Peer 1: 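Here it is: the structure, laid out below.
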There are 2 protein chains.
Amino acid sequence: MLAQVFKALSDPTRVKLLSMIAAATDGEACICDMTEPVGLSQPTVSHHMSVLARAGLVTREQRGKWAYYALAPDARAALAGAVDQVTAAHEGAIA
Amino acid sequence: MLAQVFKALSDPTRVKLLSMIAAATDGEACICDMTEPVGLSQPTVSHHMSVLARAGLVTREQRGKWAYYALAPDARAALAGAVDQVTAAHEGAIA
DNA sequence: CAGACGTATTGACATCTGTCGATGCGTGAG
DNA sequence: CTCACGCATCGACAGATGTCAATACGTCTG
């Protein structure tokens with residue numbers, strides 16, 4: 001569903017988490033790096049990341065004991081496409 | 001807040017409503033035109049439109065007894081900007 | 001004015017959602 | 001093997017959200 005992608009970003013915490021990942025120096029971050037900035041417990045952050053991952057916005061990679069989350073390669077395109085689809089006009093698009 | 005815009009689109013019903021308006025022949029629609037396609041009661045549709053309007057995605061214009069809703073002029077740009085902001089990378093943007 | 005019609009608001013209710021503490025699962029260190 | 005550490009899952013709970021029926025509000029018509 002289209003709304004599922006937007007739903008993943010309907011929470012300020014998830015928006016911040018995604019922005020943090022996108023702006024991270026290496027383009028990735030582990031849970032332990034994010035709990036403190038957002039001021040939430042580790043299970044809660046883990047839950048939010050799970051939502052973002054299920055929406056296809058981030059990817060998860062386990063390296064050792066840490067789980068590194070990164071912006072999905074097609075996240076930007078997927079979001080742009082979603083916006084396009086929702087605001088698509090009837091007459092051959094505006095732009 | 002940024003998440004507020006996405007939150008407005010976090011419900012499948014609102015996504016459909018917005019799409020219907022964007023795809024409408026005249027670019028606008030009244031409540032009575034939308035209750036039947038989405039299969040919801042009039043108050044519920046009115047509520048959803050109120051949410052979309054408060055998010056700045058649609059505009060409301062009262063003409064006679066009917067209230068015409070249309071896609072806000074900057075809705076597309078606002079959404080695109082929101083996507084850009086969330087997925088913005090650190091190093092001078094990707095694209 | 002009085003009634004009909006489209007819409008918005010209110011109140012109530014079931015469900016979803018974000019949050020936490022406790023606990024379980026893997027992995028690396030000793 | 002045993003322990004410490006990072007993360008995920010579970011159970012529980014408060015608050016938010018979608019939905020409807022009832023009702024109030026505005027506008028046109030007679």
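In what follows, chains carry the letters A, B, and so on, assigned in the order in which the sequence lines appear, proteins first and then strands, with residues in each chain numbered from 1. The figures that follow rest on heavy atoms only: side chains count, while hydrogens, waters and symmetry mates do not. As the structure is a computational prediction, the values presented were derived from the model and not from experiment.
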Peer 1: Is B/L2 reachable from B/L52 through a run of hydrophobic residues whose side-chain heavy atoms are each under 4.5 Å from the next?
Peer 2: yes
Peer 1: Is the distance from OP1 or OP2 of C/dT19 to the nearest side-chain N or O of A/T44 less than 4.0 Å?
Peer 2: no
Peer 1: What is the distance, rounded to the nearest whole Å, between atom CG of B/D33 and atom P of C/dG6?
Peer 2: 11 Å
Peer 1: Checking all strands, does B/R63 fall into the base, sugar-phosphate, or nothing category for heavy-atom contacts under 4.0 angstrom?
Peer 2: nothing
Peer 1: State which of C/dT19, D/dT9, C/dT7 makes the closest approach to the side chain of A/S46.
Peer 2: D/dT9
Peer 1: Can you measure B/I31 atom CD1 to D/dG26 atom P for me and round it to whole angstrom units?
Peer 2: 17 Å
Peer 1: Which part of the nucleic acid, if any, lies within reach of B/Y69 when heavy atoms closer than 4.0 Å are counted: base, sugar-phosphate only, or nothing?
Peer 2: sugar-phosphate
Peer 1: Using a heavy-atom cut-off of 4.0 Å across all strands, would you classify B/S50 as base, sugar-phosphate, or nothing?
Peer 2: nothing
Peer 1: Just how far, in rounded Å, is P of C/dG18 from CG of A/L9?
Peer 2: 12 Å
Peer 1: Under the criterion side chain to side chain contact (heavy atoms under 4.5 Å, CB included), I'd like the reasoning laid out for A/L9 against A/L57: C-alpha separation, chi angles, the key distance, then a yes or no.
Peer 2: CA-CA 10 Å; A/L9 293 175; A/L57 294 175; 4.0 Å; yes
Peer 1: If you only use heavy atoms from C-beta on, which nucleotide in D/dC20, D/dT19, D/dA8 is closest to the side chain of B/T13?
Peer 2: D/dT19
Peer 1: Please tell me which of the listed nucleotides, C/dT19, C/dA22, D/dC7, lies nearest to the side chain of A/L40?
Peer 2: C/dT19
Peer 1: Look at the side chain of B/T87 and the backbone N and O of B/V83, then say whether any donor-acceptor pair between them is shorter than 3.5 Å.
Peer 2: yes
Peer 1: In this structure, how many angstroms lie between the C1' atom of C/dG6 and the CZ atom of B/R60, rounded?
Peer 2: 11 Å
Peer 1: Please check: side-chain N/O of B/D26 versus main-chain N/O of B/E28, any donor-acceptor pairing under 3.5 Å?
Peer 2: no
Peer 1: For the pair made of NE2 in A/H47 and C1' in D/dA12, what is the distance, rounded to whole Å?
Peer 2: 14 Å
Peer 1: D/dT17 phosphate, OP1 or OP2: any side-chain N/O from B/K7 under 4.0 angstrom?
Peer 2: yes
Peer 1: Please tell me which of the listed nucleotides, C/dT7, D/dC7, C/dC20, lies nearest to the side chain of A/P43?
Peer 2: C/dC20
Peer 1: Whole-Å distance between D/dC7 C1' and A/E61 CD?
Peer 2: 15 Å
Peer 1: Between B/W66 and A/V45, name the one whose nearest nucleotide on DNA chain C is closer to the 5' end.
Peer 2: B/W66
Peer 1: Closest to the A/K65 side chain: D/dG18, C/dT7, C/dT27?
Peer 2: C/dT27
Peer 1: Between A/Q42 (CD) and C/dA22 (P), how many Å, whole number?
Peer 2: 14 Å
Peer 1: Side chain of A/D11 only, heavy atoms from C-beta on: which candidate in C/dG18, D/dG18, D/dA8 is closest?
Peer 2: C/dG18
Peer 1: Grab the CD-P distance between B/Q62 and C/dC5 for me, whole Å please.
Peer 2: 18 Å
Peer 1: Among C/dT19, C/dC5, D/dG18, which nucleotide has an atom closest to any side-chain atom of B/H48?
Peer 2: D/dG18
Peer 1: Can you get from A/M34 to A/Y68 by hopping between Ile, Leu, Val, Met, Phe, Trp and Tyr side chains that sit under 4.5 Å apart?
Peer 2: no
Peer 1: Look only at the side chain of A/S19 and the backbone of A/V15, and say whether a donor-acceptor pair between them is shorter than 3.5 Å.
Peer 2: yes
